[in-house]
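The structure appears right after this line, and notes come after that.
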Number of protein chains: 2
Amino acid sequence: MESSTVTGGGSSRREATRQKLYEAAVTLIAEQGFSATTVDEIAERAGVAKGTVYYNFASKSVLFEELLRHGVGLLTASLREAAEKTAKDGGGTVDALDAMIRAGLVFIERYPAFTQLYVAELWRTNRAWQSTLMVVRQEAVAVVEGVLREGVERGELSNELDVPLTAAALVGMVLVAALDWQSFQPERSLDDVHSALSRLLQGRVSGTR
Amino acid sequence: MESSTVTGGGSSRREATRQKLYEAAVTLIAEQGFSATTVDEIAERAGVAKGTVYYNFASKSVLFEELLRHGVGLLTASLREAAEKTAKDGGGTVDALDAMIRAGLVFIERYPAFTQLYVAELWRTNRAWQSTLMVVRQEAVAVVEGVLREGVERGELSNELDVPLTAAALVGMVLVAALDWQSFQPERSLDDVHSALSRLLQGRVSGTR
DNA sequence: GTTTTTGAACTGACTGGTCAGTGCAAAAAC
DNA sequence: GTTTTTGCACTGACCAGTCAGTTCAAAAAC
């Protein structure tokens with residue numbers, strides 16, 4: 001029986017184990033933080049022995065770094081797809097941003113633990129995995145920046161717009177609103193959250209109507 | 001000389017020691033996280049003996065909780081003051097929001113470590129200090145929600161506006177933009193950041209001019 | 001003289017990482 | 001077709017080190 005090659009990685013027994021370890025680690029680290037999560041816990045949750053963790057990953061930190069890369073890879077792919085699909089359907093820049101907001105919300109709804117963990121670690125300094133985190137952050141923000149920049153070039157967005165800062169602000173808006181939604185108002189629908197953010201993006205906050 | 005710490009002024013000798021401990025703890029925990037920070041480190045950084053930590057605080061967790069309460073107290077006071085001052089000067093709701101954004105940025109510029117730590121812990125679950133965190137979060141968000149709600153009542157904001165979600169989104173926008181600013185573009189001025197966020201708030205993103 | 005701080009020793013529980021050994025399915029040898 | 005070998009993936013007991021929290025006599029500050 002050979003490789004039913006799923007995207008990017010082979011599907012050996014080993015790969016399945018790694019996947020289980022990712023899933024176990026992401027939940028535990030999101031809840032407790034990296035340091036408070038023990039390798040024993042991760043192994044137990046994944047249903048494997050502790051030694052297996054070290055057979056598959058060089059160290060606890062390396063497991064975490066690869067988890068980060070894996071997760072952000074999924075996010076950027078999703079954002080990029082949303083932007084491209086909008087462009088192909090003849091939508092403008094604002095439509096693309098709106099589609100990316102929705103894609104971001106869908107991602108966070110699906111992988112809340114990863115999002116939580118990412119936010120918690122992103123601005124720490126002096127950590128072993130800081131360089132990985134920087135790279136991975138830039139990948140994600142770059143997608144948003146790209147759409148903004150193109151919008152400015154095409155005259156659809158104000159040329160006074162500060163691309164990097166606005167990108168960060170938009171990402172933050174979605175991130176925090178979504179985490180708050182998940183944590184404190186889980187009964188709300190994704191559409192609710194999306195329309196509230198959409199309204200904010202399009203400046204339809206002021207005015208009585 | 002008072003260095004920038006999250007604590008306000010104290011009077012007794014004991015209070016001074018507590019402040020030194022807060023200051024040491026906030027930096028270390030922001031950088032490394034709660035679990036990775038040892039009590040020995042905190043004591044050393046504060047320049048006191050380990051025994052002093054336990055003379056002043058019942059435990060490491062209690063020290064952390066009191067730190068949280070104090071820091072968020074300062075933030076909410078600052079936000080509230082900004083909103084009230086704007087109201088007194090005859091500004092509208094949007095002006096009040098703008099003033100609060102600025103107040104938030106000033107706070108984050110002054111206490112970056114506290115902000116970082118707060119964001120890192122806010123959405124965690126199953127932590128000992130979760131209830132403290134919830135209370136403290138609500139205090140802060142309530143200020144923003146209050147201004148939004150009043151704006152809707154006075155017809156200055158759309159009555160379709162989702163108050164809690166918009167409040168969370170605004171807070172997130174400021175938080176993430178500011179942390180990104182501090183971490184990745186520290187050369188930018190506060191005014192730069194403020195005007196970019198202000199533009200976003202007022203929907204002056206679209207359009208060429 | 002009372003409050004606060006010191007500083008070093010100690011405990012008991014926990015943690016990241018190691019390693020000799022097991023299980024097993026496919027390949028090789030017969 | 002049966003037996004033997006190979007080597008990958010996994011196991012779990014074990015180790016050396018670490019940390020929160022305690023204790024306390026003595027000093028310092030007030």
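In what follows, every heavy atom counts, from backbone to side chain, and hydrogens, waters and symmetry copies are set aside. Note on naming: letters A, B, ... go to the chains in the order of the sequence lines (proteins, then strands), and numbering restarts at 1 for each one.
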Original post:
Could you give the start and end, 5' to 3', of the contact zone on DNA chain D for chain B, using atoms under 4.0 Å from its heavy atoms?
Top reply: D:dC19 to D:dC30

**OP:** Would you please name every residue forming a side-chain hydrogen bond (donor to acceptor under 3.5 Å, both in side chains) with B:R127, sequence neighbours left out?
**Re:** none

Subject >> Close residues, residues 20-33 of chain A, relative to DNA chain C [heavy-atom separation under 4.0 Å] >> reply: none

**OP:** Return the value, rounded to whole Å, for the distance between atom OH of A:Y55 and atom P of C:dG23.
**Re:** 17 Å

**OP:** Assess whether atom CD of B:E44 is packed by more than 12 heavy atoms of other residues, nucleotides or ligands within 6.0 Å.
**Re:** no

Subject >> Backbone of A:G73 reached by a side-chain donor or acceptor of A:T76 within 3.5 Å >> reply: yes

**OP:** Would you list the pairs meeting salt bridge (Lys or Arg N to Asp or Glu O under 4.0 Å) in which at least one residue belongs to residues 90-113 of chain A, sequence neighbours left out?
**Re:** A:R102-A:D191

Subject >> Backbone N/O of A:L74 and side chain of A:S78: donor-acceptor pair under 3.5 Å >> reply: no

**OP:** Look through every strand shown and name the nucleotide pairing with D:dC15 as Watson-Crick or G-U wobble, where both distances are under 3.5 Å.
**Re:** C:dG16

Protein N or O to nucleotides 15-18 of chain C N or O, pairs below 3.5 Å:
residue : atom : partner : partner atom : Å
C:dG16  : OP1  : A:T37   : O            : 3.4
C:dG16  : OP1  : A:K60   : NZ           : 2.8
C:dG16  : OP2  : A:V39   : N            : 3.0
C:dG16  : N7   : A:K50   : NZ           : 2.8
C:dG17  : OP2  : A:Y54   : OH           : 2.8
C:dG17  : OP2  : A:K60   : N            : 3.2
C:dG17  : N7   : A:K50   : NZ           : 3.0
C:dG17  : O6   : A:K50   : NZ           : 2.8

Original post:
If pairing requires Watson-Crick or G-U wobble contacts with both distances under 3.5 Å, which nucleotide is the partner of D:dC30?
Top reply: C:dG1

Subject >> Residue list, side-chain hydrogen bond (donor to acceptor under 3.5 Å, both in side chains) with B:E145, at least two apart or on another chain >> reply: none

**OP:** Give a yes or no on whether the ring-centroid distance for B:Y22 and B:F114 is below 6.0 angstrom.
**Re:** no

Original post:
If you measure from the Lys or Arg side-chain nitrogens to the Asp or Glu carboxylate oxygens, is any gap between B:D180 and A:R137 under 4.0 Å?
Top reply: yes

Original post:
Where do B:V174 and B:L197 come nearest, in terms of heavy atoms and distance?
Top reply: CA-CD1, 4.1 Å

**OP:** Verify, without hydrogens or angle tests, whether A:E65 (side chain) and A:W129 (backbone) share a donor-acceptor contact under 3.5 angstrom.
**Re:** no

